[in-house]
*Asks:* 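One structure, pasted below without further comment.
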Amino acid sequence: MPELPEVEVVRRSLSKFINGQKIKKVHIFNRNLRYKIDKNLKIFVENQKVISTKRKSKYLLIELSNNYIILLHLGMTGKIFILEKNTTHKTSFYYDNFFLKKHNHFSFEFNKSKKIIYNDVRKFGFVKILKKSEVKSSSHLRFLGPDPLSGKFKNEYLKNKLSKTKKSVKNFFMDQKYVSGIGNIYANEILHLSSINPRKKTFKIKKKLIPYLVKNTKLILKKSIKYGGSSIKDFKGISGKKGDFQEEFKVYEREGLECKKRGCNGKIKKIYISNRSSFFCPKCQSN
DNA sequence: AGGCATGTTACAGG
DNA sequence: ACCTGTAACATGCC
């Protein structure tokens, strides 16, 4: 499910739900994730209050009152479910339903009728507990480039990096050390909006186009967040709500269909770049 | 049945 | 050193 917009959508609702709350109980159902869940998770987390819920790239960082951080990555299929009983509307429906679901890995209980569950079909996600002071230098966050929605991702930065690498522009946008948070879907969409061929080598990109690339990157990601993220396969927000940005896809998964750009009637093509499916319009992305 | 899938990481080879 | 392709991880969907 999760690239930057989906993780941000999750973060926003999660932070409303858990910030300021004390985690009374941790349950571990299945320790097998990308990294085996640390048995000590319980010890560090139980009886701590949630101070903040932040996002860095595709990672979620839950800050606790004991100066530890829960570092969470959703991998491809990680989901967080909110379970709240005694509410009049839909959330109560999810309560019993999701508790019995397959692929639950762990849960945090705030009180008898309020918990969150981490569920991950493909087990590519992980959860780690780190000292606050060690987070930035951790192997996961250490080499991350700027968040594309931050002020650091601007024309000069992109110009500088694009000129110094020989990758295809699509691989560049998916490379977390240059820009962090963009994956396959949004890389495709950003390049289409910017009329740039995904195979184009970064150093060959016209300098003139760089401000558009920066602008379009931010635009696509923000728009997706506004739509609640993309629900391909089965991404859902934490109380079970679907995102709608997939309706806005201009190229992703649109092989053979007509290009949606105004005045362009090209046919979307699917190719593989570094083994990842890539979609583009040969007519308006011939650059 | 086989190919494909939103992510990350390691390795081989050019 | 940089880049690409391949594979691995685990599971489900078409």
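Convention: sequence-line order gives letters A, B, ...; per-chain numbering from 1.
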*Asks:* I'd like to know if the side chain of Glu6(A) and the backbone of Ser230(A) have a donor-acceptor N/O pair within less than 3.5 Å.
*Replies:*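 The answer is yes, because a donor-acceptor pair under 3.5 Å joins these two groups.
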*Asks:* Where do Val179(A) and Phe153(A) land on the side-chain contact (heavy atoms from CB on, under 4.5 Å) test, with the steps shown first?
*Replies:* CA-CA 8 Å; Val179(A) 205; Phe153(A) 185 70; 3.7 Å; yes
*Asks:* Once you round it to whole Å, what is the distance between C1' of dA10(C) and CZ of Arg34(A)?
*Replies:*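 Arg34(A) atom CZ is separated from dA10(C) atom C1' by 11 Å.
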*Asks:* Is there a donor-acceptor contact under 3.5 Å from the side chain of Asn188(A) to the main chain of Asn184(A)?
*Replies:*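 Answer holds: yes.
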*Asks:* Ignoring backbone atoms, establish whether Lys102(A) has a side-chain N or O less than 4.0 Å from OP1 or OP2 of dT11(C).
*Replies:*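 Lys102(A) to dT11(C) OP1/OP2: no side-chain N or O under 4.0 Å.
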*Asks:* Expressed in angstrom and rounded to an integer, what is the separation of Lys123(A) atom NZ from dT9(B) atom C1'?
*Replies:*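 For the pair Lys123(A) NZ and dT9(B) C1', the rounded distance is 19 Å.
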*Asks:* How about NZ on Lys42(A), more than 12 heavy atoms from neighbouring residues, nucleotides or ligands closer than 6.0 Å, or not?
*Replies:*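 Buried by this count: over 12 neighbours within 6.0 Å.
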*Asks:* In whole Å, what is the span from the CZ atom of Arg276(A) to the C1' atom of dG7(B)?
*Replies:*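 Spelled out: CZ on Arg276(A) to C1' on dG7(B) is 7 Å.
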*Asks:* Could you check how far OH of Tyr227(A) sits from C1' of dT6(B), rounded to whole Å?
*Replies:*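 To the nearest whole Å, that distance equals 20 Å.
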*Asks:* Check whether Arg11(A) reaches the backbone of Ser15(A) with its side chain - one donor and one acceptor, N or O, closer than 3.5 Å.
*Replies:*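 Side chain of Arg11(A) to backbone of Ser15(A): no pair is present.
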*Asks:* Mark this stacking check for Phe124(A) against dA10(C) as yes or no, applying ring centres under 5.5 Å and ring planes under 30°.
*Replies:*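 Ring-base stacking flag not set for Phe124(A) and dA10(C).
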*Asks:* Rounded to whole Å, how long is the line connecting atom CZ of Arg122(A) with atom P of dA10(C)?
*Replies:*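 In whole Å, dA10(C) P lies 11 Å from Arg122(A) CZ.
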*Asks:* Rounding to an integer number of Å, can you tell me how far His103(A) NE2 sits from dA10(C) P?
*Replies:*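 Rounding to the nearest Å, NE2 of His103(A) and P of dA10(C) are 13 Å apart.
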*Asks:* Requiring both pairing distances under 3.5 angstrom, list the stems that contain DNA chain B and are made of three or more consecutive Watson-Crick or G-U pairs.
*Replies:*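 Result, WC/G-U stems under 3.5 Å: B:2-5 with C:11-14, B:7-14 with C:2-9.
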*Asks:* Name the residue from Lys152(A), Lys56(A), Arg55(A) that meets the side-chain hydrogen bond (donor to acceptor under 3.5 Å, both in side chains) definition with Asp147(A).
*Replies:*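 Answer to the side-chain hydrogen bond (donor to acceptor under 3.5 Å, both in side chains) test with Asp147(A) among Lys152(A), Lys56(A), Arg55(A): Arg55(A).
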*Asks:* Each nucleotide in nucleotides 1-7 of chain C should get exactly one letter: B, S or -. Can you fill that in based on protein heavy atoms under 4.0 Å?
*Replies:* --SSSB-
